[in-house]
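What follows is a short report on a single structure.
Order of appearance sets the numbers: ligands from 1, and atoms from 1 within every ligand.
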Amino acid sequence: MSYIVGVTGGIGSGKSTIVDLFAELGAEIIDADIIAREVVAKGTPLLAEIAAHFGETILLDSGELNRQALRQIVFERPQEKAWLNNLLHPAIRREMLHQLAQSQAPYVLWVVPLLIENDLMEFCDRVLVVDVLPETQLLRASKRDQNKIALIQNIMTSQVSREKRLSVADDVVDNEPELSQNLPYLQQKVLELHHQYLQLAKEKEK
Ligand code: ATP
């Protein structure tokens with residue numbers, strides 16, 4: 001079993017940005033958001049269940065899930081949101097744990113936005129938090145997605161607080177400074193963590 005580093009951080013904190021730097025060093029990444037898309041990809045049993053429940057109109061002409069339509073339904077109807085979560089959450093969790101168990105890499109970065117909220121820390125050997133101020137989250141997330149500030153604020157309220165996240169972190173990457181000025185620092189920090197995780201992975205094997 002690989003050494004598992006859970007990577008988390010609030011919306012817009014920079015998880016993908018930091019994980020990309022690890023990937024450049026050859027680290028293996030298992031990303032909850034990617035798995036969440038894979039389990040409902042075209043042709044999967046789960047997508048068939050969703051289409052049976054909501055009707056074929058939930059599919060695009062290509063046979064893929066119409067995410068926009070699904071988002072609208074679950075936004076308007078809480079029972080449907082619960083139905084969907086009951087279907088998807090166990091499947092996503094099962095697939096993530098399966099992929100973690102299959103990994104041959106010395107260590108895996110397991111990127112999970114809701115690692116703490118969904119009680120997944122027990123599966124981690126270590127937790128890395130990407131940290132920025134809440135106002136920076138708001139600024140960067142709204143700039144990226146042209147999302148309404150209120151929507152991002154809602155998501156932030158549904159996530160654990162910055163304090164809670166920091167209290168469970170073994171390692172913290174401070175992503176507050178502007179990337180354009182801070183890239184060398186981040187690369188150095190990531191390189192140090194990479195070596196540290198390789199070392200910890202070796203010790204776990206013993
Ligand atoms: P989410 O959980 O919302 O998907 P995330 O934590 O993966 O987000 P990123 O997508 O990496 O966050 O970053 C959010 C946005 O902020 C992106 O547009 C990214 O380019 C930008 N960004 C990340 N880090 C910095 C930084 N240090 N300076 C400026 N912009 C940044």
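Closest approach of Trp110 and Met96 over heavy atoms only: NE1-SD, 3.3 Å. What you find for Ala51 and Leu59 is that their closest heavy atoms are CB-CD1, 4.1 Å. Heavy atoms only, all atoms of each residue included: Asp119 and Glu122 are closest at O-OE2, 3.9 Å.
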### Message
The test is salt bridge (charged side-chain N to carboxylate O under 4.0 Å, His left out); show your working for Glu64 and Arg37 and say whether it passes.
### Response
CA-CA 11 Å; Glu64 279 161 319; Arg37 283 196 289 274; over 6 Å; no

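Defined by atom type and a distance below 3.5 Å, a donor-acceptor pair is missing between the side-chain atoms of Glu28 and Ser2. Side-chain contact annotation: Gln188 with Glu192, donor-acceptor N/O pair under 3.5 Å present.
Relative to atom 4 (O) of ligand 1, the option among Lys15, Glu176, Arg144 with the closest non-hydrogen atom is Arg144. When Ser142, Ser16, Gly14, Gly9 are ranked by how near their heavy atoms come to atom 7 (O) of ligand 1, first place goes to Ser16.
The nearest heavy-atom contact from the protein to atom 11 (O) of ligand 1 is Thr17 OG1, 2.6 Å. Of all protein heavy atoms, the one lying nearest to atom 28 (N) of ligand 1 is Leu179 N, 2.9 Å. Closest protein heavy atom to atom 25 (C) of ligand 1: Arg140 NH1, 3.5 Å.
Close approach to Gly10 involves these atoms of ligand 1, each under 4.0 Å from a residue heavy atom: 6 (O).
Within 6.0 Å of atom CD in Glu203, more than 12 heavy atoms from other residues, nucleotides or ligands are found, so the atom counts as buried in its surroundings.
Only the backbone of Pro177 comes within 4.0 Å of ligand 1, counting heavy atoms alone; no side-chain atom from C-beta on gets that close. In Pro113, neither the side chain nor the backbone holds a heavy atom less than 4.0 Å from any atom of ligand 1.
Residue contacts with ligand 1 leave out Ala141, since none of its heavy atoms falls under 4.0 Å from the ligand.
At least one N or O atom of Asn175 sits closer than 3.5 Å to an N or O atom of ligand 1.
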